[in-house]
Every structure is written in structure tokens, then in C-alpha cells.
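Each remark here refers to the structure printed beneath this line.
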Amino acid sequence: MGHHASNRARGFKGRVRYVLRFLIPLLLVLMGLAWGTAWFVDRSHSAQLVTDLAARADLLAGSVDAATPEGWSPPDAAVLRAPLQQALQSPGVVIAGATDPTGRIFAAFGGSEFGAELAGVVPHGGPPARLDRQQTLAGQSVLLSVVPVMRGGAPVGAVILAQDLGRAAARRAGLRDATMGAFAALAVLAALATLVSVRFTWSAWTAQMRALLSGRAPAPRDPKLARAMHELIDASLEDRAGRDGGWDPERLRRSLRSQLHGERLVLLANREPYIHVKDRQGQLRVLHPASGLVTALEPVMRACSGTWVAHGSGAADREVVDARDRLRVPPGEESYVLRRVWLSEEEEQGYYYGFANEGLWPLCHIVHTAPIFRGSDWRTYRDVNRRFAHAVCEEADGEDPIVLVQDYHYALAPRQIRQRLPRATVLSFWHIPWPHAERLAICPWHVEVLTGLLGSSIVGFHTQQHCNNFIDSVDRFLEARIDREEGAVWFRGRRTLVRAYPISIEWPSRVAQAAPPREECRARVLSELGLRADVLLGVGVDRVDYTKGLEERVLAVEELLQQRPEFRGRFTFVQLAAPSRTAIPAYKDLNQRLEEAAARVNAALGTAEWKPFILLREHHEPDVVMRYYRAADVCYVSSLHDGMNLVAKEFVAARDDLHGVLVLSSFTGAARDLKEALLVNPYDIEEAASALGRALDMPPEEQARRMRALRAQVAEFNVYRWAGRLVHDAAGLRRAERRGTRLAGLEGSVV
Ligand code: ADQ
């Protein structure tokens, strides 16, 4: 309440301050104008008055002259008395007198108080000359006029008249005040009218903006205004991520500190973030694996200094660990611990290649590659899961650690961890889609897989659809109580929450910040590939996996060049293709087919100087991948099915120049977040080809508008926020469980 009231007061004060800031200068200007106008009117009025009085003096002097044909030589006051008294009767005349030819006054009528002063102000000692002068006499403001009287061509004297200016001045002052008043009133009215009209225009503008933001109204018809509004909206969106609401490593660290009170997280993931190998010269080298999971979790671990438990897969991995198979990483920074678990070749074959990648991977992706389930793989998977669960428990600080289990390599580990540490808070995140229940049933051990995962406190997926599929599967195959409203499953007396956490990438991206600007990246990529400087460049970055739609990508490029022959010789698509799971026959076949498809299109459409499709089948380090993202005019992500797809978000993070277009498969989790990409069905080769064409045609302003909106989205929902939510939910659950345990203990003691 108090908060609202003080907000309101602040709002009111702000408005008053805004009004004053606008109104006071406007009023001052208008008042100045009013004063200036009144001054000008007054001045011209006063000049006119003097002219009129001077003319009146002429008239009066004329009648005095006419009445005294004999009275001027010699000057005779008695003769002039009557006509001068007559002149004195005229309103406003305070003195009427006469001088001789030398200017000496010999007759004067009017107030006696003027007598002494009058002699001093009338010029004398020479023939009189016509004069009109404003003068103060005995404290009274008058117009003093001297009008020579001529006889036979020579002056014989002059009539002197003093006419009161005081009354006229008072009248003028009245007039001036009235003018000023009228102008001031006009000024205030004009200021108010301006204010009201500005206010209404502004509220109309903000209402339109609000309607536009909430999607209730279409963009204004004026294209310039529409663009300006879009730019404003995008800029404010991107801005928002940078302000208090934004997540960065520091905020994640603070959040982890306050949630965990110094306890370390334990993370279980098959892939390690750093792989040690030896090069040909026998030198130790560190590799960064091409993996979405590593891309997402590495910055999180940097921020929270826990332990990452992973399979030690590098040929030189054993050489750098301590006696307990640990080392501190990242090299040179050493902010967290990597615990390596060693697997025999058979174990790796059965657990990783076999059950996880030939069984679960195709089971979870709708890609028409038949899953293979072997009993021996399953048994190895179960045993290896137990070994990893054991390693996790060794790394735990206490009885109720927070453990983050990652991905489909560890469906059983959550329950195995819980068996050893019943009070652990286990959060399992499944990085790939979860299939429909009927499809899950293809796996002969689907009940065990579900039961294993339900050892978790929380099971997380990228999208709500995957959560729904999971809950449906539990409903179908287990005796469990389900609360769909809460997204919770009660199984064997324990509750598991099922939640969507759409994963993302680090923002701002360190790799992007360290990378050279676009032109430099482009020049380097073009020279590496031997391409012309004006080439239009398409880029794809993937592990060679049948879920990524790589063959469909080659077909889309071919179709584009058929639909739009003008791109022949001008457009080249370069595919960075990291070899992956090459020990699996389906992957070997894919590699083969991909090579063949690219070679076929290049042979059919390419020339001696130009290749439509360049396939670079190797792993590239992150800075090289970044260079390609920056060089691209279009990035095509054509996954046939993908949990999230981080390449799409990385491309967006790379394009701080606001150029480049993302063409994105609608079967990725990312398509739900990245609405301003050109979304396509990658199976529909014609549609994909026209989207590529549209991307290449897109004017720079539209590219910038879309890219700005995409960047705003990724900036706001970055991986720190993802991890922050994950850990926040896990820590909240643990607090609740600790309270529950204490209460249970209390009840026990009462009984
Ligand atoms: P992946 O299937 O591995 O991830 P993705 O999310 O696109 O797919 O991440 C791939 C990562 O590997 C990116 O960081 C990319 O830069 C890198 N990479 C790809 N090809 C490369 C190459 N040739 N050289 C070097 N690096 C390369 C799984 C799921 C996804 C989900 C992530 C995270 O399949 O759906 O988004 O986990 O949850």
C-alpha cells in the first residue's frame, strides 16, 4: 500500500515538475512578447499625442494672432489678455502667454506657480522659433509650444502654450495596462492550449506504442513512423536486458551465493568442457568440444565454482589430473573443478555409443532413424550410470547436496544418487526432446528410464511440449499420481516437479567481444575459402548429425539456385561440420551421404571458379566459428528436430552489426524464442529455398529490425538466467525439504 502511495506521489511530483519545466519558459516568452507589444503601442500612442497637441497649439496660437492685429508692436499685455484667457479655456491648456520678438515673456496666464520656471525654459535673446518640447513645470508634465507670430514676413513675438501631459499620461498608462493585461491573458491561454494539445498528442502516441507492444494494434500506416516506432521498441527491449532485470555472471554468482551459502554445486555431464590431447609434436593441447550442452553450462560453472563430473575422453586427459582424478579449469583461470571418470572402450561403446546414442537419441528425435536397443548396451548403460552416480556422491559436500544431472546419458543416475544420498536435491535436465508415450514404448526399458528420472527432485526440458510428453508417459506407464496443474508427479512417496527451462547462451558473448569486426572477419573467411569479395555467403555450423537436416540443407541450396538462377556464381553456402559419433554406422553413412550430396550439387551447378556448397568437415575452435557467423549474409539452421539449438542463438550473439538473416527450422526449441527469424519447415525444400532467397533479398533496415529484436530476446534470456532459475528452484526445494525434515524430526520427538 505504502509503496503504491509513494509511487503515486512520486508520479504526481514528476508530472508537476514536467509541467512547470515546460510551462514556465513558455509563459516567460509569451509575457515578454506581451510587454514588448504594449511598450510599442504606448510609444506610438505618445508620439501621436505630441503631434496632436502641437497641432492644437498652432490652432490656438492662430486664433490669438487673429484676435490681436494691433497688440504685438509694441507688445501690450492688456490687448492680449482676452485672447490668451480664451486659449486658456481650452481643456488641458495650463499656461497661455506671449513673448516679444527677443523671446522675453510679457504676458502669461494660468497657474502663478509656473511663472518663475516659465521664464527659464522659453528660449530668449533672439527671434522666436517654432518649438514643441515635453517639459516638467512645477512638478507637472506639459508640452511646451512656442508658436512665432509673423507680421510682414518678420516675427513680432510668439504665443506660448503649455498643455497638460499628465492626464494624457494617466490615460495612456491605463491603456497600456489594459493592453498588457489582455496580452498576458492571451499568453496564459496559449500556453495552456499548447500544453493540453501536447499532452493529448503524447498520450495518443504512448497509447499507440502500448498497443503496438502488446500486439493489439497494427503498426502505423506511415512507414517512416512505423520504422521509428519499431526502432524505439527494439532499442528499449535490448536496453532492458542491460538494466536491473539482466542476468550476468556476477548476478548468477550472487544468486548462487545467497541460495547455496557457500556450498558447491555438483554437475554431472558426459561431455567434459576441456579435452586434453597431444599434437604431432607431442605438445599438450586443450580442445573445446562442439557441444551445445558444454556451450551452455561452462559459463555457469565458471560463475559458481563447483565440480563438473564427466567422462575423461581425451587421449592426454590422465596426464593432467591429480591422484583423485581432478584438475582445476578453465586453464589459467581455474575457477572450478573437473572430475574425470574413466571408461573402458567396452563401457564407452555400450553406454555412450550404444544405449545413449543409438537408442535414446533417435528415440527422442522424430527423424526416421530407427533406434537400436541391445540388452548388452542397456546393462552397460546402467552400470556406467552407477559409476558416475558414485563419483557424484564422492564430490558432494554433505548429506543434501544440489546435483545437476545433464542429459540422456544419465536417465538412471538420479535414482542411483538418491539411493546413496536420500536428501540430495537432484535436478535433471534433458537437453533433447522427450518423445510421445507411444514412441517411448519402443524402448524396452522405458519403465526403468522413467523410474530412474523420477529419482530427481525436478526434471527439466527446453519446452512445455516436452514436459507434457514426459507427464503423459508417466501417466501411461507408471502407477503415479499426477498433478498437471502444478506440473508434478508423485511416485513411490516422492514428488518430482516437471518444468520447462529454455536454455540459452552466455550474453554478452566473450567470444563475440574478442572477435574482430565484421569486415575483417568477412575478408578473412573469403580469402580462406578463395571467394570473390562480392559473394553472398550462407553459413551452417553443426555436428554432423542426422537430426540437423544437413542433406536437406544441401537440397535447399540447390533448389534456391534453380528457383533463382541469378544467384548462380554469386551465392555460396559454407557448412562447418564437426565430425560426431563417427563410430556409429548411422553417422558414418550420413557423412558419406552428405559428401555425396555436396559433390553432386557442386558438379551439377558449380563452375571452375565457383562452388555452391563448401563442406568443411572438421571441428573448429569457437573463435573460428564466430568468424564465420560474422562473415555470413544468412545462417541456415535446418534441424529436423532439435531440443533447443544454440547455433541459432550464437549467430544472433555474433551479429552486433545488426546484419545477417537467420533462417530457422520450426522444429527446434529455439523457434519458440526466436520469432523474428525466418521460420521454415526444413523438409519442405521449396519453402526453405524461397526463405533463403528472401533472406538474401532482405533490405538492410529489415535485417537490422529483426536482428535487434532477436538480440533483445537472447540478451534478456541468456544462460545465466537459465542457470539462475534452475538453481533457484533447486535451492528453494531443498529449503522446503529441510524444513519438512526438521518438522518431521520434531513430530517424532513429540511422539
Ligand atoms: P547439440 O545437438 O550439440 O546440443 P547445439 O545446441 O546447436 O546442438 O549446439 C552445438 C554447439 O556446438 C554450438 O555451441 C556450436 O557452436 C558448436 N559447434 C557445432 N558445430 C561446430 C563445428 N563444426 N565446429 C565447432 N563447434 C561447433 C544439444 C541439443 C540441442 C540443445 C543443446 C543444449 O541437441 O538441442 O540446444 O544440447 O541443450
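These numbers come from a predicted model, not from an experiment. Residue numbers run from 1 in the order of the sequence given. Remember, it's 1-based here, ligands and their atoms both numbered in the order they're listed.
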Q | Atom-level proximity to ligand 1, residues with heavy atom under 4.0 Å | A |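 These residues qualify: Ala290, Ser291, Gly292, Leu293, Thr295, Trp361, His431, His462, Ile503, Val541, Asp542, Arg543, Lys548, Leu576, Ala577, Ala578, Glu618, His619, His620, Val625, Tyr629, Asp642, Gly643, Met644, Asn645, Leu646, Val647, Glu650.
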Q.
Less than 6.0 angstrom separating the ring centers of Tyr408 and Trp361, yes or no?
A.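 Yes, they do, as the ring centres are separated by less than 6.0 Å.
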**Q.** His288 and Tyr274 aromatic centres sub-6.0 Å
**A.**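 When the ring centroids of His288 and Tyr274 are compared, they turn out to be within the sub-6.0 Å range.
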Q.
Between Gln592 and Glu596, is there a side-chain donor-acceptor contact under 3.5 Å, judged purely by atom types and distance?
A.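 The answer is yes; a qualifying pair exists.
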(Q) Tell me whether the rings of Tyr683 and His368 are parallel (<30°), tilted (30 to 60°) or perpendicular (>60°). (A)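 Aromatic pair Tyr683/His368 classed perpendicular.
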Q.
Is the ring pair His431/Phe429 parallel, tilted or perpendicular, if the boundaries are 30 and 60 degrees?
A.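 Rings of His431 and Phe429: perpendicular, as their planes differ by over 60°.
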(Q) For Cys364, is there any backbone N or O sitting under 3.5 Å from a side-chain donor or acceptor partner on Arg439? (A)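 Such a contact is absent between Arg439 side chain and Cys364 backbone.
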